[in-house]
Every structure is written in C-alpha cells, then in structure tokens.
*Asks:* 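First, the structure itself, so that you have it in front of you.
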There are 2 protein chains.
Amino acid sequence: MSANASLSERRCKGRPRAFDRTLALRRALEVFWRRGYAPASVSELCKVMEINPPSLYATFGNKASLFLEAMNFYEETYWKEPARRFMADPDIYRAVKNFFNESAQILLSPETPCGCMVVLAAVNISEEETEIIEAVKALRMETKQMFSDRLRRAINDGQIPPDTDVPALSGALNTMLEGLSIQARDGLFQSELKAIAAHAARMLPSPRP
Amino acid sequence: MSANASLSERRCKGRPRAFDRTLALRRALEVFWRRGYAPASVSELCKVMEINPPSLYATFGNKASLFLEAMNFYEETYWKEPARRFMADPDIYRAVKNFFNESAQILLSPETPCGCMVVLAAVNISEEETEIIEAVKALRMETKQMFSDRLRRAINDGQIPPDTDVPALSGALNTMLEGLSIQARDGLFQSELKAIAAHAARMLPSPRP
DNA sequence: TATATTTTTTAGCATATACTAAAAATATAA
DNA sequence: TTATATTTTTAGTATATGCTAAAAAATATA
C-alpha cells in the first residue's frame, strides 16, 4: 500500500506487510498497559492494531510474546532515561527526589494514566504463564537492584552512613515506587501522586552534618 | 448429614444444606486470595468448596457476590483487630511501627503468603465488574482514611507538627502498605518484608524535642 | 508471463468460562 | 401417609477466548 517499510527490514519477495510493525506494537502496548495482560483479548488487540489474528500471530508469535515485546518497548520508551538520570546524579537525595517525581509523571501520563505496566499488567495472571510472570518479576528486581547499587555508591561517597541497611532501604524505595502504581489506578491527581512520591526521599538517612 | 447448622439459621422445611456455609466461604476466600478474582474459576471454587455450581449460586448468588462476601470476611478476620490497635495506641510512632510490622505478618502468613486481597485480587479485572472495582477501592480508601484520622489526632496531641501535610503523608503510608503486597507476591521472606515495612515510620516527621 | 514467496482475508476449531434447567433426594408440616 | 419446600445431582447452554487451516491477493524473481 504505502511506503511504510521499517529501515531494518529490507523489501523481500512475497506480499509486503500492509501495516507498520512498530506502530502496531505501540498500540498493543497501550492496550496491555491500560487493561492488563489477561483482559486484553486477542480480539481487542487486533481491533486496536488494525490487523487480523493471523497477521498478529505471524508477526509476533502469540499473545505472550507480543506482551513481552511490548513490555520491553515500554521500558525503553518510558523508563530508560529516568533510570539513567537517577544513576548519573551525584547527589543521592536529589536523585531520589527527582526519580520519584518523574515516576509520578509517567504513572499518570495523560495518554495512559494507569500506573506501571511492569507492576500491574501481569497481576492475577494464570499460573501457567510462567514466562510472563518471570519476565515482569525480573524487571521489578532490576529496579530494586538499581536502588541498591545507587545507595552503595552513596555510602562510598560518604553521603549516607556506612551502616545503612541497603537491602531494606532499596526494598522500601522499591515498595513505594510499586505502591504508586496502585494509587495511580485509584484515580489520584498527578499533584497528589507527586506529593506522596516526595515522601520516598524521607526514608533516606538524614544527611551527615 | 451432620449437625452443621449455623446458629443463626433455624432448621426449616425442605432438604437441609449438606455443607457448612461459613467453611465454604472461608475456602472460597483462600482461592480468591491466592489466585485473584478473575483466575479463580467457578469450577475451581466449587472443587475447593466441595459443592456443585447450583449450590454455589443458590447460596451465594453469583461469583461476584461470593467474592464480595469473602472479602468482607477477610477484612473482619485479618485486619479488624490490627486496625483497632493502630487507632488505640496513643503513640503515633509506635502505632505506625506496630501496624506495619503486623501487616507484614498478615501479608506473608504461612497459610496464604500472597499479599493483601483488597490490594491485589481485583487488579486487571474486566471493566464491566464495576461493583467489585468500587468495593475494593472503597476498602483501600478506608485504610487511607484511617491513616489520615490517626495523623490528625497526632497533631492534636502535639506529637507531630501542625503543618504536617496529612493527605500526602497518609497517602504515602497507604502507598507503602499497598506496595508491600507486591513484595509479598514476589517471594520475599517475612524478615525482609518486615525490614522494609519498618521504613514506613521513617516518613513520619521527626519527634518534637 | 510464469513461478515462488509471503501476507491477508475468511471462516472457523477446541477449549474454558459463568451460569442454569430439570429431576432426584431429603427434610418438615398437615 | 401425603403434600410441600428446599437442596443436590446431572447434564447441560451460550458465550468468549486463544489460535489456525485454507484460499485469495500481492509482491519479487526466473
């Protein structure tokens, strides 16, 4: 139809794909984000992606692999940069404060005001979907590890006491971050969510004199 | 069969119920708690309750009303007393510390180590189930209100500054509490969960001199 | 033009789900 | 004993879900 070939996909033999793969993935992402994995039916996904089931399965494998690809897309698009800034900021207090403020913004972004996909989309999923369960859990653990790494550096930099309980504190920051997703789902305003998120930094040890 | 008549239900005409209503409700509660509302199929519920679908529907109405009744049972059984103690403790710091410690214990109780039913069971539910969505949300709001009420009393008692941002702080405590459910689902040990939960009290303003 | 290759469209399949009609079973009341 | 009321058992129904076979359509290459 139109010249929508992605750069990395050379035109080849056979009937050309009639839809933009990346755009379709982005639309699938929105459905999974808003509704969660299980309630996002293949039928609804197809409607939103404007393709038929056989195209979905030929292009993305199945519902589960489509979800996994959408989730990676989500991470890259929304969280990569905030996480990079968090690790780059030399001041731990400012880093935490800014990261949680940005997080509140993402969780209640106007297009998709529905919390974090990694936290919420695979809750109450069938126990058989082990691949998805493991994948979202791994991403959550990555975030916790990020907090942990950053706190250890803060200890090395003399910004927080060396006897800080890093596993507990990084776990607590992670708990706040994940809890914010539920608040977002419960319909808080972004101003309220930011005021709450600001309290995360209060769990850090008080600055050394 | 056996004398299992609940005290409040007088024996009447007709074939007597062959199962204990309260026991069946408790078993349904466990299924909803562990698996969530949607993945808990009527078929599985019936198996665990040891009854057939018609008995379930005659006794509890339908899946949704069974869930609502189970959730109220859950609240009464697990959270009523901790909440009462939280409100009764005259010291806000100790109240928060104890409440979050008890919460960690409930969320990872040996029988059902799967977070809070009110927080998790109705995530990713079909949007048509408005009654359930509203009910779980209302219960979450009640907890937040409890935090709010207790903090205002702490202000009146001169335990925390009068300019404390009560909505934000109660929201932050609520966020920690709800976030703990996700940690519980991710398989933390109770010792880890308690160490994390202890950080909630750090968000309170420092005690007045 | 003819052939090979890939995608799209159409029309479904098998399974699981929430729920129920109908009849058999078991109690009380007359 | 007979009639009435309630529950249980059996055997389903209608619908939605994830997924797919088969044929038609659209491109590149020989």
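Chain naming here is simple, since letters A, B, ... match the order of the sequence lines and numbering starts at 1 in each.
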*Asks:* Whole-Å distance between dA18(C) P and I125(B) CD1?
*Replies:* 11 Å
*Asks:* Using atom names, set out every protein N or O paired with an N or O of nucleotides 19-22 of chain C below 3.5 Å, distance rounded to 0.1 Å.
*Replies:*
residue	atom	partner	partner atom	Å
dC19(C)	OP2	Y57(B)	OH	2.8
dC19(C)	OP2	K63(B)	N	3.2
dC19(C)	O5'	Y57(B)	OH	3.2

*Asks:* Check the distance between dT17(D)'s C1' and L66(A)'s CG and give it to me in whole angstrom.
*Replies:* 16 Å
*Asks:* Should the heavy atoms of other residues, nucleotides or ligands under 6.0 Å from CD of E44(B) be counted, would the total exceed 12?
*Replies:* yes
*Asks:* Does R17(A) make a cation-pi contact with F19(A), if we ask for NZ or CZ under 6.0 Å from the ring centre and within 45° of the axis?
*Replies:* yes
*Asks:* Using a 3.5 Å limit for the pairing distances, which stems of at least 3 consecutive Watson-Crick or G-U wobble pairs does DNA chain D take part in?
*Replies:* C:1-30 with D:1-30
*Asks:* Return yes if some donor-acceptor pair links the side-chain N/O of S181(B) with the main-chain N/O of C116(B) below 3.5 Å, else return no.
*Replies:* yes
*Asks:* Within residues 127-134 of chain B, find the residues that approach DNA chain D with a heavy atom at under 4.0 Å, and present them sorted by residue number.
*Replies:* none
*Asks:* Between R202(A) and P205(B), is any pair of side-chain heavy atoms under 4.5 Å apart?
*Replies:* yes
*Asks:* Restricting both atoms to N or O, compile the protein contacts to nucleotides 5-7 of chain D shorter than 3.5 Å, with distance only.
*Replies:*
residue	atom	partner	partner atom	Å
dT6(D)	O2	R15(B)	N	3.0
dT7(D)	O4'	R15(B)	O	3.1

*Asks:* Could you point out which residue of L188(B), L107(B), L108(B) forms a side-chain contact (heavy atoms from CB on, under 4.5 Å) with P113(B)?
*Replies:* L108(B)
*Asks:* Can you find a heavy atom in the side chain of Q183(B) that is under 4.5 Å from one in the side chain of E178(A)?
*Replies:* yes
*Asks:* Quick one: do E69(A) and R21(A) make a salt bridge, cutoff under 4.0 Å?
*Replies:* yes
*Asks:* Thinking salt bridges, do R26(B) and E30(B) make one under a 4.0 Å N-O criterion?
*Replies:* no
*Asks:* Expressed as a whole number of angstroms, how long is the span from I51(B):CD1 to dT10(D):P?
*Replies:* 15 Å
*Asks:* State whether F189(B) and K194(B) meet the cation-pi test: NZ (Lys) or CZ (Arg) under 6.0 Å from the six-membered ring centroid, and within 45° of the perpendicular axis.
*Replies:* no
*Asks:* In whole Å, I'd like the distance from the CZ atom of F60(A) to the C1' atom of dC19(D).
*Replies:* 16 Å
*Asks:* Which residue is it: I182(A), L177(A), V123(A), T175(A)? I am looking for the one with a side-chain contact (heavy atoms from CB on, under 4.5 Å) to I182(B).
*Replies:* I182(A)
*Asks:* Please report the shortest heavy-atom distance between A200(A) and M176(A), naming the atom on each side.
*Replies:* N-CE, 4.2 Å
*Asks:* Check whether any side-chain N or O of N52(B) sits under 4.0 Å from OP1 or OP2 of dT8(D), and answer yes or no.
*Replies:* no
*Asks:* Only counting residues at least two apart or in another chain, list the ones meeting side chain to side chain donor-acceptor pair (under 3.5 Å) with N101(B).
*Replies:* none
*Asks:* Show every donor-acceptor pair shorter than 3.5 Å between a side-chain atom in residues 134-141 of chain A and any protein atom, with sequence neighbours excluded, or say none if there are none.
*Replies:*
residue	atom	partner	partner atom	Å
K137(A)	NZ	D186(B)	O	3.3
R140(A)	NE	D186(B)	OD2	2.8
R140(A)	NH1	V118(A)	O	2.9
R140(A)	NH2	D186(B)	OD1	2.7

